[in-house]
Amino acid sequence: MLAVFKREFLSYFKNPTGYVAIALYSFLAGYIFVNKFAGGTVNLSSEIISMRSYFLIIVPIITMGLFAEDKRRGTDIIYYTSPVSIFSVVLGKFLAAMSLFFIMFLNVFAHMFVTASYGGVVDVGTWGSVIVYFFLAALFVSIGIFASSITDTQIISAIVSFVILLSITAIDRFASNISSSLASIFSSFGLSSEKVNTICEKAEKAVNWLNPITKTSGFRSGIFSVAPLVFCFSTTLVFLFLTYRVLEKKRWAQ
Amino acid sequence: MSSNNNIAKKPANKSAGNKKDQTSIKRDQRNLNLKLFSIGSIVLLIAIVLVVNIIFDSLIGDKLTFDFSSTGQNSITSVSEDYIKSLPSDTDIRIVGLFDEPTDLTGSPLEYMVPLLNDYQAKSGGRITVEYINPTTHPSIMQELDPNGLYDLKADIYAVEYNGKIKTIVPLDCFSYDETTYYQTGGLRPISNSVESRFTNAIMSLVNGYAGKVYFVTNLNESYGHLMLSQILEGIGYESEDLPAADSFAVPSDCSLLVISGINSDLSENMAQQIITYINQGGKVIVAIDFMYNYATDYTNLNAVLEVMNLKIDSNLVMEQDTSYLYNSSNPLESKVTIASDYTVYNPSVTYLRSSLNRSVTTAGNPASYITVAPVLQTSDKAGLTDISGQAPTIISGTTGQYNIGMHSEFSDAKGQEMYVFGTLNFTSDYYIGQYGTTDSNVVFIRNIISDMLDAGDTIIVDSKPIADYSLDEDKLSNDKSTLMRTVFMVVIPLAMVICGVIVYNKRKNL
């Protein structure tokens, strides 16, 4: 696994991908920070949680080539012939992407340093936001890796992961639409409007329960909850396992 | 021969074909098994993850939620927690937000309410439940909460219900706001958060009932509101109600205490007479008037009321000249005032209190033997009355001396008439209490005075919480530094990375 990790991590810096990702992240994170800094108030927890929206752009960039490129070149055969297990390959690539994420996040550590040196607040709530941000990053990177494993074209991989991530960030809207659709269906059965509303609200709540964005928004105001972290961690495992299964499929689906 | 050969070969081919078929079937079977195993393991893992998360969320999610905010805005204090846990375990208090449960709290007052109410529920041991029911989609909730239409229930507020009794809480009323910002821009900038205080007081008043009622005289151009003082009164078991100035003004018979705070217009003669009647019947009054430049009122009728208790409030501004009494040497209008020795019992931990825009309080030349008058708060002996007609306030010649900024008067008869008069609003106004919080020395002082006046006994006081302040040090900030940060974080670092990327690309493109 270490060998895979090392190879993948270094490969980010042997082509422009890693540099472009860092440059982009630095610019976007800097944009939020500098605007707050110029205004004289910097709420780092809020800044960090706001940066979740950048996953949509950054994650596809850093994960699109992880498996798709190997498949395109045909070098994915190594996964099946080398003595390392496929799950170790998946994990190695995942850790490489997360390490790149950590390097990008050094920008935010710099923001924290500047804020502290200008008399701003860097408290335990800020560190709580940093922790949840990495858990969210892990979840989104695992989705990106999964998207990369199901295709042999980097662009398609990037598009698939973008669409999945976009869908996740729009779960609340889907939930609302599902609720409206259910309302019209149940109304046609002659149920009372209050009963229909109750059912729809419960359905909306159930769909929204799957939304990692909503689950983690409390960290913005200093709430540190373990449940969202467990959710992100376990969902990350699911996507890594799905990736493993997609790759493993080649052994028997021919 | 050939036919014989064919006959001889046929069984061999058949046998080879069978083997091939069998291998193929075995392989298909193996692939099918692997496929089923793969799908099964994925479904199993997803099911396990869902179950684990649901169980975790519902069973221990609340217990593993911590408030890391610098102001403690998301969790209840031990005062509220202890009170709630002291209630019988079968107590059933229902807090209903009359709106949809919000999913995005950012920038809304609910950011300070929803997590805190979750904490109430989590720490109440089942005594408190919190729900969100939108009356637009569930109209029956109004009937369910208030079947007789006794309460002013409407959408977008919280209703706290206990045994059929209801207290309503409007989210925006749970904060005090910077009055300067409001007057300058019309915007609401919260400066303190009393959400916990409001809810705990509401629960207390529903469970324990009120010991009495305090009336605030209003509609006389008051400088500031009295919401914070009302909350303090609620904490000591007293309900508050406004008593607007009107031709038909009368002090209600259930008035335990009358507060006249921050009025900038004088009482009418009728109002003064009604208040005098109230005092003569054993009434208790607190008066607080400061010096506002725009309203340099003499308060003739108010002074007629005070005269009954041998007190008088002066029309001049008192300015402190002893620099050791000033908080800021450039602002002589805000100064320390000494607590008179008989009144240090109301806040033994301090010697001075903070006072601003002071008027002096004096005796009124009504030396009846049954009236006892005493100073409560005093300036240094270097203070003076001020002439504000010029560009800068100046001390009027010959007025230097010690002034009383607060005085107390009581009758010695059995009716218990009592009055405190303050020449500052630093004890009663939302502006002050909101800014300094309910643990401030001035606030503790006035709270203990009121408790003593009303004989309130044990009280539960939930302090207001400050609003988190993320400001940077203004002395260190400048436009140049903002530009520097913008250049470093948005230009230098990204550009350096792009250049590195281009160099790497050029060096490795032919490899």
Side-chain angles (χ1 to χ4, degrees), chain A residues 13-16 18-20 22-24 26-27 29-31 33-34 37-38 40-43 46 107 110-111 114-115 118-121 123-125 128 172 193-194 197-198 201 205 208 214 217-218 220-227 230-231 234-235 237-238 241-242 245 248-249 251-253, chain B residues 30-31 34-35 38 41-42 45-46 48-49 52-53 56-57 60-61 64-71 73-74 100-101 103-106 111-112 115 134 137-140 468-474 476-477 479 481-482 485-486 488-490 493-498 500-502 504-505 508:
Chain A
F13 299 99
K14 287 177 181 168
N15 64 57
Y19 300 101
V20 169
I22 296 172
L24 195 61
S26 172
F27 179 82
Y31 176 76
F33 174 72
V34 167
F37 184 86
T41 53
V42 179
N43 179 352
S46 185
N107 273 291
H111 299 168
V114 171
T115 304
Y118 277 83
V121 178
D123 56 8
V124 67
D172 52 347
S193 66
E194 280 211 36
N197 288 331
T198 308
E201 278 166 17
K205 216 172 172 180
N208 248 332
T214 314
S217 49
R220 191 191 292 269
S221 48
I223 299 166
F224 186 89
S225 178
V226 179
V230 171
F231 179 83
S234 55
T235 319
L237 281 185
V238 168
F241 187 72
L242 281 173
R245 279 290 161 210
E248 182 76 3
K249 187 180 163 196
R251 289 194 197 276
W252 49 266
Chain B
R30 180 178 162 272
N31 287 352
L34 284 170
K35 186 178 184 178
S38 183
S41 61
I42 290 169
L45 180 67
I46 291 174
I48 290 171
V49 163
V52 165
N53 275 285
F56 196 93
D57 237 9
I60 49 175
L64 291 175
T65 299
F66 309 97
D67 181 13
F68 282 176
S69 64
S70 54
T71 56
Q73 67 183 41
N74 305 309
D100 287 322
E101 184 169 5
T103 47
D104 185 12
L105 305 170
T106 317
E111 183 178 351
Y112 298 90
N134 188 339
T137 50
H138 300 274
S140 65
D469 182 12
Y470 296 103
S471 303
L472 301 175
D473 187 346
E474 282 182 13
K476 293 181 179 174
L477 280 178
N479 283 340
K481 283 174 181 165
S482 293
M485 292 300 157
R486 196 176 295 276
V488 170
F489 288 116
M490 292 183 65
I493 298 176
L495 203 60
M497 286 295 122
V498 169
C500 287
V502 170
V504 167
Y505 176 74
R508 297 184 66 91

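Top candidate by heavy-atom pairs under 4.5 Å with chain A, chosen from B:V49, B:N479, B:T137, is B:T137. The residue among B:I493, B:L495, B:I46 with the most heavy atom pairs within less than 4.5 Å of chain A is B:I493. For the options A:S217, A:G125, A:S193, heavy-atom pairs under 4.5 Å to chain B are most numerous at A:G125. Top candidate by heavy-atom pairs under 4.5 Å with chain B, chosen from A:G30, A:G119, A:S225, is A:S225. Of the listed residues (B:F56, B:Y112, B:Y470), the greatest number of heavy-atom pairs within a distance under 4.5 Å of chain A belongs to B:Y470. Each of A:V42, A:L237, A:D172, A:N208 has some count of heavy-atom pairs under 4.5 Å with chain B, and the biggest count is that of A:V42. Across B:I48, B:D57, B:N134, the residue that shares the most heavy-atom pairs under 4.5 angstrom with chain A is B:D57. With chain B as the partner, the residue from A:T235, A:V230, A:L242 showing the most heavy-atom pairs under 4.5 Å is A:V230. If you tally non-hydrogen atom pairs under 4.5 Å between each of B:E101, B:R30, B:Q73 and chain A, the highest count goes to B:Q73. Heavy-atom pairs under 4.5 Å with chain B were tallied for A:G120, A:G218, A:A227, A:S46; the largest tally goes to A:A227. Put simply, of B:I60, B:V504, B:V52, the one with the most heavy-atom pairs under 4.5 Å next to chain A is B:V504.
With a threshold of 4.5 angstrom between heavy atoms, A:K14 approaches chain B through its backbone and through its side chain. Looking at B:F66, the atoms closer than 4.5 Å to chain A (heavy atoms on both sides) sit in the backbone and in the side chain alike. For a residue to count as touching a neighbouring chain, one of its non-hydrogen atoms must lie under 4.5 Å from one of that chain's; by this rule A:A29 does not touch chain B. Heavy atoms of B:T71 lying under 4.5 Å from chain A are absent altogether. In this structure, the portion of A:V121 lying under 4.5 Å from any heavy atom of chain B is its side chain and not its backbone. With a threshold of 4.5 angstrom between heavy atoms, A:T198 approaches chain B through its backbone and through its side chain. A:L24 does not touch chain B: none of its heavy atoms, backbone or side chain, sits under 4.5 Å away. Looking at A:E248, neither its backbone nor its side chain comes within 4.5 Å of chain B, counting heavy atoms on both sides. A:T214 touches chain B through its side chain: at least one heavy atom from C-beta onward sits under 4.5 Å away, while N, CA, C and O do not. Within the 4.5 angstrom heavy-atom criterion, atoms from both the backbone and the side chain of A:N43 approach chain B.
No donor-acceptor pair under 3.5 Å is formed between the side chain of B:N74 and the backbone N or O of B:P115.
Ring pair A:Y118/A:F37: centre-to-centre distance below 6.0 Å.
For the atom pair CE (B:M485) and CE (B:M490), the distance works out to 14.0 Å, reported to the nearest 0.5 Å. The distance from the CZ atom of A:F224 to the CG atom of B:D67 is 12.5 Å, given to the nearest 0.5 Å. Here CG of B:N31 is found 11.5 Å from NZ of A:K249. Values are rounded to the nearest 0.5 Å. Taking OH from B:Y505 and CG from A:N15, the interatomic distance works out to 10.5 Å, rounded to the nearest 0.5 Å.
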(message) Applying side-chain contact (heavy atoms from CB on, under 4.5 Å) to B:L105 and A:S221, what does each step give before you reach the verdict?
(response) CA-CA 9 Å; B:L105 305 170; A:S221 48; 6.0 Å; no
(request) Evaluate the side-chain contact (heavy atoms from CB on, under 4.5 Å) criterion for residues B:I42 and A:F241: first the C-alpha distance (whole Å), next the side-chain angles of each, then the deciding distance (0.1 Å), finally the verdict. (result) CA-CA 8 Å; B:I42 290 169; A:F241 187 72; 3.9 Å; yes
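Counting all heavy atoms, side chain and backbone alike, B:P494 lies closest to A:A23 at O-CB, 3.4 Å.
With sequence neighbours left out, the ring pair (Phe, Tyr, Trp, His ring centres under 6.0 Å) criterion links A:Y19 to A:F13. Listed by chain and residue number, A:N107 satisfy the side chain to side chain donor-acceptor pair (under 3.5 Å) test with A:S26 (two or more places apart in sequence, or in another chain).
Between B:F489 and A:H111, the ring planes are perpendicular. Angles over 60° get that label, and only those under 30° would be called parallel.
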